[in-house]
Visitor: 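Have a look at this one.
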There are 4 protein chains.
Amino acid sequence: MEFRIDRTSGLPAYLQLVRQVREALRMGWLSPGDRLPPVREVVTTSGVNANTVLKAYRELEMSGLVEARQGSGTYVKAALGSADPEVMGPLRTRLAEWVHDARAAGLDTEDVEALVRSVLVDEGGIG
Amino acid sequence: MEFRIDRTSGLPAYLQLVRQVREALRMGWLSPGDRLPPVREVVTTSGVNANTVLKAYRELEMSGLVEARQGSGTYVKAALGSADPEVMGPLRTRLAEWVHDARAAGLDTEDVEALVRSVLVDEGGIG
Amino acid sequence: MEFRIDRTSGLPAYLQLVRQVREALRMGWLSPGDRLPPVREVVTTSGVNANTVLKAYRELEMSGLVEARQGSGTYVKAALGSADPEVMGPLRTRLAEWVHDARAAGLDTEDVEALVRSVLVDEGGIG
Amino acid sequence: MEFRIDRTSGLPAYLQLVRQVREALRMGWLSPGDRLPPVREVVTTSGVNANTVLKAYRELEMSGLVEARQGSGTYVKAALGSADPEVMGPLRTRLAEWVHDARAAGLDTEDVEALVRSVLVDEGGIG
DNA sequence: GTGGTCTAGACCACC
DNA sequence: GTGGTCTAGACCACG
C-alpha cells in the first residue's frame, strides 16, 4: 500500500497515516498477516519524517490492529470492518454511480463531501 | 446556525468551525448578507474559547467569504458551492437512501466514510 | 533581521512585524529562501508575546510571502518590490540628503512624516 | 479640512483623525483660531461614528491643541510644527521632485514609504 | 528546537 | 454588546 499525505488538510500527518491503514483494513486491501510498508519506504514515498511514521505505527499497535516483529517488520494482526465483502461490492458500485451523477450535476469534490457529512450528521452517525 | 466540535477527530477546533461555515454555505443554509452567530454565543454553545472562534472567523474573512463589521457582527459576503439547489434535493435523497441501505448491510459510520473516500480517491477527486 | 516595536504608535504589534518584513523584502534585505528569525528569538529580542509573532508570521504566510516548514523555520517564498536595486541606491542617497537638509531647517521627525504624507496624498498615491 | 479614513491600515479611526489634524497644523493648513469641522459633518463626510469623532476631538483637547467652546464648535488653540513656513515650501518642492523621480524609476507607493522609513530609522529619527 | 493549537483573562475600538 | 488585540502559559506535531 502507498500513503498520501495532504499537508493542507490540517489533520496531523501521523493521523493521516493511521486513518489510511484503518481504511485499507476496512476495504479489505489489507488483511491479517500482511506486512505494512517499512518505515524507510514510507519516508521516501510520502515525504514525512521517520519519527512521524513510527508514531503512526505505534498508535496502530496500541489499538491492537498491527504487531511489530523485531527485525522483520510490522504486520497486520486484526481485521477491521463490520461489512460482508460480498455486499460491499454492489454498495460501492451504487455509490460510484451516485458520485458520477453528482459530478454531472455540477457538484465539485467539496460539495460531495459536504453533502455526505450533512446526511451522516442528520442521521445521527456523526456527532 | 449551531456549531458542533468533535474533540476526538484530531482536526483543530478552529478548522472544524471554518469547515462547518463553508459547508453551510455550500448547502445553502447560509447566504450572502446572513450574520454569523456572535463570537460570545459560539463560545457558550460549543464550549470553545473565544480566541478559537475569532481565529476561525478571521480565517473565513481572509478567504473572502465573510466580513466583520465593527460593533455589528460578522456577515456572509460571498456564496459558495457550484450546485443548483433544485438538483441538490434529489441527490441528497438518493444519498440518504444509499446510506440507509449501507447501514442495513452492516456498515458502520467509519465504513461509510472509508467507502466514500475510496470512491473519491479512485475517481481522482482527492489527492 | 531585527524587529523594533513602537508601543506608542497605536498600530498593533503584529502589524508592525508584518510591515517590517514587507519593507525588508522591498529593500532587498530579505530574499526568497532566507529564513525569518525563529519565533522564540523575536520574542526575546523585541519583547512581544510568542502568539503575536505567530500571528504576524501567519498573516505573511496567508499573503503568500513566506512559508512555514514544520520543525525547520519560516522561509521567504516570494519577492516584493517593483524597484531595480541599482536605481534604489541613488534614490536613497538623494532622500537621505533631503532629510538632512530638512533637519537642518528645523523640521522634526513628525514634520518630515507629515510632509511626505502630504506629498503622496497630493500626488494621489495615498487614498 | 476634510478627513479620510483608511479602514485597511490597522490604525484606529480616531487616531487617524487625530493624526490628520496634527498634520494639518504642521503643514500650516490649520492655525490657531480656526474651527475644526463639526462632528456631524465629519460623520457624513468620512463615514465614522459620532463617538469616534468625539473621542478624537477630546484627545486633541487633552493634548492642548484644540479647545471646545460650548455651542460654538472646536477651535485650534495652539500651533504645531517646528518649521519656518518660508523654508517649508522649497523643501516640499524638492521632495515632490524626488517622489516624481522615484515613480519614474518604477517605485510604487509602498516602495516610497519603505524607503522613507528606512532612511528615518537609519538616521535614528524613528525608534 | 521548530512552528502550531488552545485556554483564560484583561483591555481596547467601535456601534 | 460587537469584534479585535495582547499576554502568559501549557501542550502538541514535526524534524
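Protein chains get the first letters and strands the later ones, always in sequence-line order, with residue 1 at the start of each. FYI, side chains are in, hydrogens and waters are out, and symmetry mates aren't considered; it's all heavy atoms of this structure. None of the values given here were measured: they were computed from a predicted structure.
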Visitor: Given F:dT5, E:dA13, F:dA13, which nucleotide is nearest the side-chain atoms of C:Gln70?
Guide: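 For C:Gln70, the side-chain atoms sit closest to F:dA13.
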Visitor: Using a heavy-atom cut-off of under 4.0 Å over every strand shown, decide if C:Glu61 touches base, sugar-phosphate, or nothing.
Guide: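 Here C:Glu61 touches the backbone only, sparing every base.
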Visitor: Rounded to the nearest Å, what distance is computed from the NZ atom of residue B:Lys77 to the P atom of nucleotide F:dG3?
Guide: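 So the NZ-P distance, B:Lys77 to F:dG3, works out to 16 Å.
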Visitor: Between P on E:dC6 and CD on B:Glu59, what's the gap in Å once rounded to a whole number?
Guide: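 Atom-to-atom, B:Glu59 to E:dC6, this comes out as 11 Å.
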Visitor: Under the criterion side-chain contact (heavy atoms from CB on, under 4.5 Å), which of D:Val66, D:Val39, D:Thr52 is the partner of D:Tyr57?
Guide: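 Output: one option passes, namely D:Val39.
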Visitor: Can you tell me which nucleotide in F:dG15, E:dT5, E:dC14 comes closest to the side chain of A:Asn49?
Guide: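 Nearest to the side chain of A:Asn49 among the choices is F:dG15.
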Visitor: Does a distance-only test, which skips hydrogens and angles, find a donor-acceptor pair under 3.5 Å between the side chain of C:Asn51 and the base of F:dG9?
Guide: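 Yes, the side chain and the base share a sub-3.5 Å donor-acceptor pair.
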Visitor: Ignoring hydrogens and angles, answer whether the base of F:dG3 and the side-chain atoms of B:Arg69 contain a donor-acceptor pair closer than 3.5 Å.
Guide: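 Side chain to base: no pair below 3.5 Å.
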Visitor: Go through F:dG3, F:dC14, E:dT7 for me and flag the one nearest to the B:Arg7 side chain.
Guide: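 Nucleotide nearest to B:Arg7's side chain: E:dT7.
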Visitor: Starting at the 5' end of DNA chain E, which residue's closest nucleotide do you reach first, B:Thr52 or D:Val48?
Guide: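 Closer to the 5' end of DNA chain E: B:Thr52.
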Visitor: When you match A:Leu15 and B:Thr74 each to their closest nucleotide on DNA chain F, which lands nearer the 5' end?
Guide: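 By nearest-heavy-atom nucleotide position, the 5'-most residue is B:Thr74.
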Visitor: May I ask you to check whether over 12 heavy atoms, not counting those of A:Arg69, lie within 6.0 Å of atom CZ?
Guide: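 Buried by this count: over 12 neighbours within 6.0 Å.
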Visitor: What integer distance in Å separates A:Leu54:CG from F:dC14:P?
Guide: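 My rounded result for the distance is 13 Å.
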Visitor: Could you state the CG-P distance from C:Leu17 to E:dG3, rounded to the nearest angstrom?
Guide: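 It works out to 13 Å between those atoms.
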Visitor: Report yes if at least one side-chain N or O of C:Tyr57 is closer than 4.0 Å to OP1 or OP2 of E:dG3; otherwise report no.
Guide: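 No, because none of the side-chain N or O atoms of C:Tyr57 sits under 4.0 Å from OP1 or OP2 of E:dG3.
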Visitor: Any strand is fair game: report the nucleotide pairing with F:dA8 by Watson-Crick or G-U wobble, both distances under 3.5 Å, or none.
Guide: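 When the pairing criteria are applied, E:dT7 turns out to be the nucleotide that pairs with F:dA8.
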Visitor: Classify B:Ala13 by what it touches in the nucleic acid, base, sugar-phosphate, or nothing, heavy-atom distance under 4.0 Å.
Guide: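 Contact class for B:Ala13: sugar-phosphate only.
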Visitor: Once salt bridge (charged side-chain N to carboxylate O under 4.0 Å, His left out) is applied, what residue pairs with a partner in residues 43-61 of chain D remain, sequence neighbours excluded?
Guide: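 Non-adjacent pairs meeting salt bridge (charged side-chain N to carboxylate O under 4.0 Å, His left out): zero.
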Visitor: Evaluate the criterion salt bridge (charged side-chain N to carboxylate O under 4.0 Å, His left out) for residue pair D:Arg26 and C:Asp108; output intermediate values, then yes/no.
Guide: CA-CA 10 Å; D:Arg26 284 180 184 280; C:Asp108 61 21; 3.2 Å; yes
Visitor: Report the distance from atom OH of C:Tyr75 to atom P of F:dG15, rounded to the nearest whole Å.
Guide: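 Roughly 12 Å, once rounded to whole Å.
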Visitor: Where the side chain of B:Arg35 is defined as all heavy atoms beyond and including C-beta, which of E:dG3, F:dT2, F:dA13 is the nearest nucleotide?
Guide: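 Comparing E:dG3, F:dT2, F:dA13 against the side chain of B:Arg35, the answer is F:dT2.
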Visitor: Roughly, in whole Å, what's the span from NZ in C:Lys55 to C1' in F:dT7?
Guide: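 It works out to 12 Å between those atoms.
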Visitor: For the residue pair C:Leu60 and C:Arg22, what are the closest heavy atoms and their distance?
Guide: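 Here C:Leu60 and C:Arg22 meet closest at CD2-CG, 4.3 Å.
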Visitor: Answer yes or no: side-chain N or O of C:Arg58 and base N or O of E:dG4 forming a donor-acceptor pair under 3.5 Å.
Guide: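 No pair found.
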